[in-house]
J.: 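This is the structure I want to talk about, given as C-alpha cells.
Small disclaimer: the values here were computed from a predicted structure and weren't measured. Every chain is numbered from 1, with letters handed out A, B, ... down the list of sequences.
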Amino acid sequence: MSYKLNPTTGKLDYYESSAIVYDSDAEAFINAANYSLTTYKNAINNLVISLKEANIWSKITAMYPLLSDGINQSRLYQIKYNLKNPLDTNAAYRLTFAGGYTITGTGILFNGVNGYANTYLAPSALNQNSIHFGVYSLSNTQVTVNDIGSIDNPVTSGAVMLIRDASNNFSSRTNQSASNSVANATSLGLYITNRTGASVVNSWRNSTKIIAQTTTSATPNSFNMYIGARNDAGTATLFSNREYSFVTIGSGLTDDEIGNLATIIQTFQFETGKVIYRYV
Amino acid sequence: MTYVHLLTITEKDSLIDQWFAPDSYFNPIEDANNDWIISVEEVNQCVNPKFLWVKDLPLIEYIPKD
C-alpha cells in the first residue's frame, strides 16, 4: 500500500500500489539488459520465479531469452546476456557474435552464410552424464545446418543438434560420438536434447519425446558451443539460416522437468509476444 | 540469390579477430571458388572506423562450398 499527499485536502490519501517486487536474479538480468518495457520486465520475473518453483533454475548454466526492446540500449546489447549470470564477461557465458546476423523483435536470425554466436560454454564445463541444451526456432527450413553445439576432430564426442536437415531428419549428439536421429518434418518449436546417465539420452520437440536411446556417453569436448553453427574443433561450420528465440544449456533434466521447462518457456514466449505459431 | 562481398587474401588477413560492431566480429570464409568473402550484414553494420573500407568491397553472388 502507498500514500500520496492530496494538495486539495492536505491529507494523505491511501492507494493500492501496483509495483512488483522483482526476484533478485530477475532484477539483476533486467538491470543488465536495461529493459524499458514493463511487460518484458514482468515476463523475465515470471520466468525466473517459475524456473525456481519447478526446481529447474539450479540446473541451468546458461539461458538466453534473446529478448530486446531496443529502447534504453541497442537490441544486440540486450540479447547477449546470460539470464543465469548477467555479467558482461566470457566467463559468465555472455554471447558474442560473428559473421552475418539480424536482431529481430523476436530473437536473432542468422544469415546461413557465416553468422553464429559464441556461448564460451564448452561441454567439458558440464557433467559428461548430465547435460541438456536446446533452442526455440521460429523458422521452418529444410536445410542441413547445425543449430547449436560443438564437436572435436577426429570425432570422439559431440554436443550438437540439427533440428531439421535436408532429408527431414532431426539429429543430435549428447556427449557421444555417434549421432541419434529421427524423422522430423518441421523446424518450428522448442527442441531440447538431454542426457541423464551414461546410457540415458533423449531429445524433445516441445513436450514430446522424439528420441529415447541408450547411446553410451564419451568424455565431453572442450570447444565452446556455438548457436547457429557447429564449432568443429575451433572452426565454425554448417551455418544456420534459422531465427532463434530462446536458448537453454545446463544439466540433465527428468522427463517431468523437460515438460515443465517447455511450458515455462512457452509461457514466456506468449507473455513477450514472440510466439507466432500454434504450440504443439 | 544471396550476395556477399569479395576480399583479397591480404584484406581477409586484416579482418581476422577484428570487430565490425560492438560484440560482433568479422568472419571471412571461403566460397566454392576458394575466394574469401564476408556477408552483406557485416559490411552494412560495420561501424569500426578502422574497417569502413569494407563498404567499398565488390559484391558477388554467393556460391557455398559443398
J.: Do you know the tightest heavy-atom contact between A:A159 and A:I131?
T.: CB-CD1, 4.5 Å
J.: Okay, side chain of A:D23, backbone of A:V48: is any donor-acceptor separation there less than 3.5 Å?
T.: no
J.: Looking at B:I38, B:I29, B:I37, B:V43, which one has more heavy-atom pairs under 4.5 Å with chain A than the rest?
T.: B:I29
J.: Does anything in residues 171-180 of chain A get under 4.5 Å of chain B by heavy atoms, and if so which residues?
T.: none
J.: Check B:L57 against B:L6 and note the closest heavy-atom contact, atom names and distance.
T.: CD2-O, 3.4 Å
J.: Enumerate donor-acceptor pairs with a distance under 3.5 Å from any side-chain N or O in residues 24-33 of chain A to protein atoms, sequence neighbours excluded.
T.:
unit_1	atom_1	unit_2	atom_2	d
A:D25	OD2	A:K52	NZ	2.6
A:N31	ND2	A:E27	O	3.3

J.: Verify, without hydrogens or angle tests, whether A:N184 (side chain) and A:T186 (backbone) share a donor-acceptor contact under 3.5 angstrom.
T.: yes
J.: Name the option with the most non-hydrogen atom pairs under 4.5 Å to chain B; the candidates are A:G99, A:A236, A:G100.
T.: A:G99
J.: For A:N168, check side-chain contact (heavy atoms from CB on, under 4.5 Å) against everything at least two apart and list the hits.
T.: A:Q142, A:R164, A:A185
J.: With only heavy atoms counted, which part of B:V40 is less than 4.5 Å from chain A, the side chain, the backbone, both or neither?
T.: neither
J.: Checking A:H132 against A:T193: is there a side-chain donor and acceptor pair closer than 3.5 Å?
T.: no
J.: On a heavy-atom basis, which atom in A:A43 and which in A:T272 lie closest, and how many Å separate them?
T.: CB-CG2, 3.5 Å
J.: Quick one: donor-acceptor pairs between chain A and chain B, under 3.5 Å, side chains and backbone, table format.
T.:
unit_1	atom_1	unit_2	atom_2	d
A:K80	NZ	B:D23	OD2	2.7
A:F97	N	B:D23	O	2.8
A:F97	O	B:Y25	N	2.8
A:G99	N	B:Y25	O	2.9
A:Y101	O	B:Q45	NE2	3.0
A:Y101	OH	B:S24	OG	2.5
A:N111	ND2	B:E41	OE1	3.1
A:N114	O	B:N27	ND2	2.8
A:N114	ND2	B:N27	O	2.8
A:N114	ND2	B:E42	OE1	2.7

J.: Over 60° means perpendicular and under 30° means parallel, so classify the ring planes of B:F26 and B:F51, tilted if in between.
T.: perpendicular
J.: At their closest point, which heavy atom of A:S137 faces which heavy atom of A:S187, and how far apart are they?
T.: OG-O, 2.8 Å
J.: Which pair of heavy atoms, one from A:T106 and one from A:G273, lies closest together, and at what distance?
T.: CG2-O, 4.4 Å
